[in-house]
Structure formats: structure tokens, C-alpha cells
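What you are looking at is a predicted structure, and each value in this text was computed from that prediction instead of being measured. So you know, we letter chains A, B, ... as the sequences are listed, proteins then strands, and number each from 1.
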Protein chains: 2
Amino acid sequence: MPHTYEYPRPSVTVDACIFTMHGDDLAVLLIKRKGQPFKGHWALPGGFVEKNEALEKAAARELAEETGLTGVAFEQLAAFGDPGRDPRGHTVSIVFFTFIHAEAAIVHAGDDAAEAAWHPLRTLPLDAAPRAGAHRLAFDHARILTLARHRLQERLRDPSRESSFQLVPQHFTLTELQRVYEAVLGHAIDKRNFRARFLGRGIVEPVAAQRTGKHRPAQLYRWTVPKRRARARAN
Amino acid sequence: MPHTYEYPRPSVTVDACIFTMHGDDLAVLLIKRKGQPFKGHWALPGGFVEKNEALEKAAARELAEETGLTGVAFEQLAAFGDPGRDPRGHTVSIVFFTFIHAEAAIVHAGDDAAEAAWHPLRTLPLDAAPRAGAHRLAFDHARILTLARHRLQERLRDPSRESSFQLVPQHFTLTELQRVYEAVLGHAIDKRNFRARFLGRGIVEPVAAQRTGKHRPAQLYRWTVPKRRARARAN
DNA sequence: TCAAAAGTGTTGGCTGTACACCCATGG
DNA sequence: CCATGGGTGTACAGCCAACACTTTTGA
């Protein structure tokens, strides 16, 4: 069933950049492409926007189809539309990103993907000029991923900004939260400073439960109810 | 010359949200629409992306065609793609924004516009529910404009971030710069604090010239050469 | 001489960062 | 008893915000 327009139109696609923790590493969800172009290369989950489909819904649909992940709240990263970024022709992609905690991060390959898997960022060829012969990421997804990581870092650095990220499960220990911050920001954080920040400003509050494990049990916390911090600004 | 595709495609458009100073007000560049839909309504300059045209180039082209403004460096705001935002059918718009100083802000209506003019934001109906009968902005441009203003505010609030905005001409007085900040942020700023910030951190430096006027002459400044401030972060 | 804009310092509070030791548990 | 991770306080530096008066010029 062909569709005809008076003027040429770029294709419109969406891609999803989903981060999670993978051990102590920041990882991203990629699929192995089943078809051309870039067959066999790893790529961000994504695909074509359907008729009268909202962009974020399209991203959620493609993510579910290709990886089985559902119920994800996105933020928009940016649109990428350089001619030449897709060998099939002019394609504009709107990229969404988010972070989900590991418990929610169970995936499986869908119909359009040969494989779906989490990749620690430090194992991916994200340089501007990846070494020849290496299986680089499909399309311009290395560049997109680099930008997404920067945006994620900015969002965690700014405590006044609300985010829809699921950094941790509903109940969590402060060490777990700190691991997320360290993985995203890429450097160690002082434990006392970290805890003082979140406790002192009432961002998290303890719940009546502890996490037991091999060692000393850890207090569990949750986000403070409004989870919304106003920031006064007069000058 | 019709163009046929196997699957339906949304239209792809770009819009440009250009801010400047208008007296002591923050103003935005709008065009009065010549054709349907929203004929006679004010809208952001913009239009359809052409074959194999980069998004930012398309925005610059449409801006030049409709208002005569050229040489503008954009930042990307976001993509808007809700079905129903354009009565002609599913349309995805990628919006770019920037700020230019008043000297660069000379405009004239181009072919596709009945009129092009700067509108102080406080004169525009930007509420979610504009009063009935009022000539509201075309499409979802009121919402876009609101988001663009917030982003512009965020950018000025964060001194560690580099921007491509032309807030002031090459040489400027600190009062002129302060007027821009006050207009964008929407509140008065203390003069001593403002000057201490820019001078104390070496963001601006005096040049050997003064601006004369009706009153006491003012020292002229320019941005410090690299205009780039690193921000150390260890913890 | 007056109106209007330019210019100038100090203080307190908050936030970020550096830094070292004891505690509870399971093995 | 020891290895492992949980948990705690203080001190300095930088930035933001509050605050009032003098200077220079043209009219």
C-alpha cells in the first residue's frame, strides 16, 4: 500500500537509549541488527514512527518490540537528522533516553533483533575514530550514546532538577544509590559527603527495614514523598 | 512530481525561536502566517525540511526566507511530534532556538510571511488556556515558546556552560549585559553582585573605550578571549 | 543643581570537598 | 578473629544574596 506525497519526506525514526547498572558499570541496552543496513552490528533499539503515533509512544513501542522492556518513562535527548547518517536515505531520528534500575532491566530479543543485551559503556567503541576493523555501532549511534551519557551526567549533577529516572528500586540502600552516581559520573564519591547531601536535604528518608547480606545490615531508604525540591532564586 | 513510499511518513518541519531584547523586554521573532492553516495567526518562523537537508540548515534557511535574518547559530530545543499538533496531518517539528543582540535583529517579512516582527513575551498569550477569541499563536507554538524560554533561562543560570548565544554585541557595558539577564530571568538583579560575578571570575574584561550617552560614560567590556571556563569536579 | 546612570565592598549562609575511624555481621 | 561493607563529623573554600552610598555627566 504505497503512500504518495507532493514533496519528498525524510523518514522519521525513534531510538531509545536505556541505561542501567551492570555490576559496578554503567551499561546501555543494545540490539544486534538482524537486517541491513549494519546487519550484525549493535544498535540502539528503535524504528520507524507509525502513522499518527506520538514520538515517545513510538520509542516505547519499538523498545518493547525489540527488547521486551515496557513501562519505561523517557526523556527526550535530541533529534538527529544529518543527511548521510542512514545509508538508506535521509532519516531523522528522535532519541529518547532514561535510566532504569537493574531489577527492571530484564530483556530478551524481539522479532526485529537477533539479540538484545546490556553493554557496559567502557566496552563500547565510542571514540570519534574507532579502530579500523572493529565492529562499530550502527549508524551514528556512538555519537548519540556519547551525548546521552553527557546528558545523564548533567541530570545527576544538578540536584534541583526533577527527573523521571528510576535510579534505584523503591527501597534502596545509600550505598546502592552511590554506586549509581559513581558509575554515571565516572569517578568515586566520598561516602560521608554523599550521605550528608541526601539525608541533610531531606531527599531520602529511612524506612523501617534493613537489607541483610553477608555483612552488616544496611538501612533502607526511599525518596521523600513529594520527591520535588523547590529551589528559591532571588538574585 | 509526487514522491511515493512504502509506508506513511510524517512531515518533518523545523522552527526557529529567536529571542532578542526589545527595550527592556525579552522578545521573540514571529511571522504572521500568509496561508492556511492558522492564516493570519502569529507563528514561529519555520517550514518543511528539504531533501537531504540537515535540520539546522533547514531552520537557518526558513528563518532567512521568512524574516531575512542570517548568520544565526542555533541550539536545538526539542522535537515536537504529537499527532494533532498540525491540522494538515502528522507533522514532526524540530525546534531550534537562540538569542541575538538587538543590533543583529533587523528583520523584514519574506515571501511566505505576511509580516515579521518582534513580540515582547509579556504581550503574548502563552497560557495553557488562552482566553476565547484571542488570536492565539499558531499550532502548538505557545507551548514551544514557553519551553524555549525556560531553556534559555537555564542556560543563563548555569555559568559553567558554554553557549553560542549572542547576548550582546562585541563591545558592551555591564549594564547592557545585566539588562539581558534581567529580561531573560524575569527579575531584577543586584548590580554589585552581577558585576562582581563577571569581573571577579574573569569572564569579561575591559577594553580601552567607553560608551558615552546622556549621563556618566560607561566602561566597555568584551568576553575574555577563550570565553571558555573549565569547571573542576572531583567529588 | 538636578536627574539619571555608573561605579564600588562587606557580610552571612549554603554547598561542595577533603579527610579517618569505629561498627555489625557472616564466615 | 578477620574480612567486608555500613555508618559517622568537622573544617575550609567558593559562591550567592543582601545591603547604600558616591561619582560623573548632560540638561
Side-chain angles (χ1 to χ4, degrees), chain A residues 21 23-24 153-154 156-161 168 171-221 229-235, chain B residues 21 23-24 153-154 156-161 168 171-221 229-235:
Chain A
M21 290 297 282
D24 280 347
Q153 289 175 342
E154 282 173 15
L156 290 211
R157 267 194 267 264
D158 185 351
S160 71
R161 247 186 120 71
V168 283
H171 291 169
F172 52 91
T173 69
L174 288 181
T175 299
E176 287 165 1
L177 185 61
Q178 185 176 342
R179 293 280 169 275
V180 174
Y181 272 74
E182 290 177 331
V184 170
L185 298 179
H187 60 74
I189 304 175
D190 180 272
K191 201 200 308 189
R192 283 165 296 188
N193 293 339
F194 186 83
R195 301 166 87 90
R197 176 146 46 109
F198 284 84
L199 287 170
R201 277 189 256 169
I203 299 170
V204 300
E205 59 188 9
V207 300
Q210 293 190 324
R211 167 143 315 154
T212 60
K214 304 191 190 75
H215 303 294
R216 175 176 174 178
Q219 178 64 47
L220 285 173
Y221 294 84
R229 284 88 59 189
R231 170 97 104 167
R233 281 247 170 220
N235 194 356
Chain B
M21 290 296 282
D24 279 348
Q153 290 175 341
E154 282 173 16
L156 290 212
R157 266 194 268 262
D158 184 351
S160 71
R161 247 186 120 72
V168 283
H171 292 170
F172 53 91
T173 69
L174 288 181
T175 300
E176 288 165 0
L177 185 61
Q178 185 176 342
R179 293 278 171 275
V180 174
Y181 272 74
E182 290 177 331
V184 170
L185 298 180
H187 60 75
I189 303 175
D190 180 89
K191 202 201 308 188
R192 284 165 294 187
N193 293 339
F194 185 83
R195 300 166 88 91
R197 174 145 46 110
F198 284 85
L199 287 170
R201 275 189 259 168
I203 298 169
V204 300
E205 59 188 9
V207 299
Q210 293 189 324
R211 167 143 315 154
T212 61
K214 303 192 192 72
H215 303 293
R216 175 175 175 177
Q219 177 64 48
L220 285 172
Y221 294 84
R229 283 87 60 188
R231 169 98 103 166
R233 282 249 170 217
N235 196 355

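- Set against C/dA3, D/dC16, D/dG6, the side chain of A/Ala218 has D/dG6 as its closest nucleotide.
- B/Thr175 comes within 4.0 angstrom of the backbone, heavy atoms only, and of no base.
- For B/Glu182 and C/dA5, the CD to C1' distance is 13 Å, given to the nearest whole Å.
- As rounded to whole Å, 17 Å separates atom P of C/dA5 from atom CZ of B/Phe194.
- For A/Lys191 and D/dT8, the NZ to P distance is 10 Å, given to the nearest whole Å.
- Distance check, rounded to the nearest 0.5 Å: CZ of A/Arg197 to CG of A/Leu174 gives 11.5 Å.
- Side chain of B/Gln219 to backbone of B/Ala208: no donor-acceptor contact under 3.5 angstrom is found.
- Salt bridge absent: A/Glu154 and A/Arg157 never bring a charged side-chain N and a carboxylate O closer than 4.0 Å.
- B/Arg195 has its CZ atom 17 Å from the P atom of D/dC16, to the nearest Å.
- Sequence order on DNA chain C of the closest nucleotides to A/Thr212 and B/Ala196 puts B/Ala196 first from the 5' end.
- Between D/dT4 and A/Arg216, no contact under 4.0 Å exists linking OP1 or OP2 to a side-chain N or O.
- Look at CZ on A/Arg211: it is 20 Å from P on C/dA24, rounded to the nearest Å.
- For the pair B/Gln219 CD and C/dA6 C1', the interatomic distance rounds to 11 Å; values are reported in whole Å.
- Two residues, A/Gln210 and B/Leu220, neighbour DNA chain C, and the one matched to the more 5' nucleotide by heavy-atom proximity is B/Leu220.
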Criterion side chain to side chain contact (heavy atoms under 4.5 Å, CB included) on A/Val168 and A/Tyr221, from CA distance to verdict: CA-CA 10 Å; A/Val168 283; A/Tyr221 294 84; over 6 Å; no
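- Of the listed nucleotides (D/dC16, C/dG16, C/dT25), C/dT25 has the atom at the smallest distance from the side chain of A/His215.
- The pair A/Arg179-A/Glu176 fails the salt-bridge criterion, with no side-chain N (NZ, NE, NH1 or NH2) lying under 4.0 Å from an Asp/Glu carboxylate O.
- Between B/Asn193 atom CG and C/dG7 atom P the separation is 16 Å, expressed in whole Å.
- At a cut-off of 3.5 angstrom, counting only N and O atoms as typed in the model, there is no donor on one side facing an acceptor on the other between the side-chain of A/Arg192 and the base of C/dA18.
- Here the P atom of nucleotide D/dG6 and the CG atom of A/Leu174 are 10 Å apart, to the nearest Å.
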